[in-house]
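Here the structure comes first, spelled out in structure tokens, and everything after it is commentary.
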Amino acid sequence: MPDTDALPKPMPKRADFGADFLWGCATSSYQIEGAVHEDGRGESIWDRFCATPGHIRDGSSGAVACDHYHRWPQDLDLARSLGVNAYRFSVAWPRIQASGRGKPNAKGLDFYSRLVDGLLERGIQPWATLYHWDLPQALQDAGGWAQRDTVEAFVEYSDLVTRHLGDRVKHWITHNEPWCTAFLGHFEGHHAPGIKSWKTAIQVVHHLLLSHGQAIPVVRRNSAGAQVGITLSLHPIVPASGSAADAAAALRHDGSRNRWFLDPLHGRGYPADVLALLGTNPPTVVPGDLDTIATATDFLGVNYYFPEVVADAPGAGDIATRVVERPGVERTAFGWEVSPQGLVTLLQRIHRDYAPPRLYITENGSTFDDVVQPDGSIRDLQRCSYLARHIEACREAVASGVPLKGYFAWSLLDNFEWAEGYLRRFGITHVDYATQQRTLKASGQWYAQFLHG
Ligand code: FCB
């Protein structure tokens, strides 16, 4: 058991939340499944991206990852032992349609069908994300998310998945973090497909959001009574100083990081202040698109990791801002600032400015350099503390009137952390990649203790 003396007081208690508050863990397909050549799965953009030397820090890939494709019953048993009542996973598009279009692959659908049944048998509510970044490579070869045709392909794929699972899955997330797909994948180029074009990234956002809006009625048709939403990565934005220039920079940065997604999803179109900065780079928007993007949802999923401190940076691209490091603050091994208070501020802001009917934290977690003790245990007290304080932040947000209805810890397992490969561990369960042995860390024990009340 974790040394609770080392944890912050007062500790949150499950009883502080309503009985219907959801407590879960989140994962994603490419990060845990492995089995990339099995049962008719096609190539994804992440398989291709990882194959190029220099893209992944440790030269690895998700080819084996946590071997969850074969070990899922054990992983679901682990989730049940924690006491979670919800589990968020994603469906790998290339398992359903190897080339991204046409007839579904029955074996791919069956895998997720078994997974969903396995969750339900264990009394765990399945939360399915349709797109957590593993686009079929064949669609990328045809232009990927920069092409409007991919919107239609996504809707077709969503139809296939929800037809098959919609009788049992009643919570659907269309996209995970479109900011990352667009800007890490198409502007910074650190993520698949590794493109470096601001103009392309802006167009990709539009197609992602459009595909979300077009998929909603399809999901609803196939999954009676389902709740449908989207998950965004959102950040409280803090000016680096009290200067007017930094305040203006923070506003612009918030525009491109947060409002660029939140505004169109809530019927306001793309924010005019950011559009004005885009010069020759505005997205191509067809009449009707913005109405589609604003299709009503049942919830907003928020992935929260860190606040961003922003300074004015004339000449730094269209938005002319620079993210700076606040000195002396607590950070994770990734360098991400630890700020539970930022989560409270963020949730209150979303509620005040956009009022989505329900909010869920669909991801929140931390990476630290875990040490396996000689007895095999992992005493990750920093992660325990991170988890406890962010749950406490959720309690504070709820107490202030935010309709927050659930919390999913990222992640059930250590896993393939994209461009960082296996160098970053975010799990509340340690995975020994050589043996595939799972060991609950102190943070996992803390979460179980919290959940068992
Ligand atoms: C989020 C991703 C998730 C994981 C965490 C650490 O941006 O959605 O897959 O990589 O970060």
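One-based numbering, in listed order, for ligands and for the atoms of each.
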Please work out whether the ring planes of Trp46 and Phe49 are parallel, tilted or perpendicular, with thresholds of 30° and 60°. perpendicular

Residue list, salt bridge (Lys or Arg N to Asp or Glu O under 4.0 Å) with Asp370, at least two apart or on another chain: Arg383, Lys441

Is it the case that the side chain of Thr150 and the backbone of Ala146 share a donor-acceptor pair, with hydrogens and angles ignored and the cut-off at 3.5 Å? no

With sequence neighbours left out, what residues match Arg424 under side chain to side chain donor-acceptor pair (under 3.5 Å)?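 Arg424 satisfies side chain to side chain donor-acceptor pair (under 3.5 Å) with Glu420 only.
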
Could you work out, with ring pair (Phe, Tyr, Trp, His ring centres under 6.0 Å) as the rule, every residue matching Phe408, not counting sequence neighbours? Trp127

Just to be sure I understand the cut-off, which residues have at least one non-hydrogen atom under 4.0 angstrom from an atom of ligand 1? Gln31, His132, Trp133, Asn176, Glu177, Asn303, Tyr305, Glu363, Trp410, Glu417, Trp418, Phe426

Pick from Phe426, Tyr304, Phe368: which one makes a ring pair (Phe, Tyr, Trp, His ring centres under 6.0 Å) with Trp336?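 It is Phe426; the other options fail the test.
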
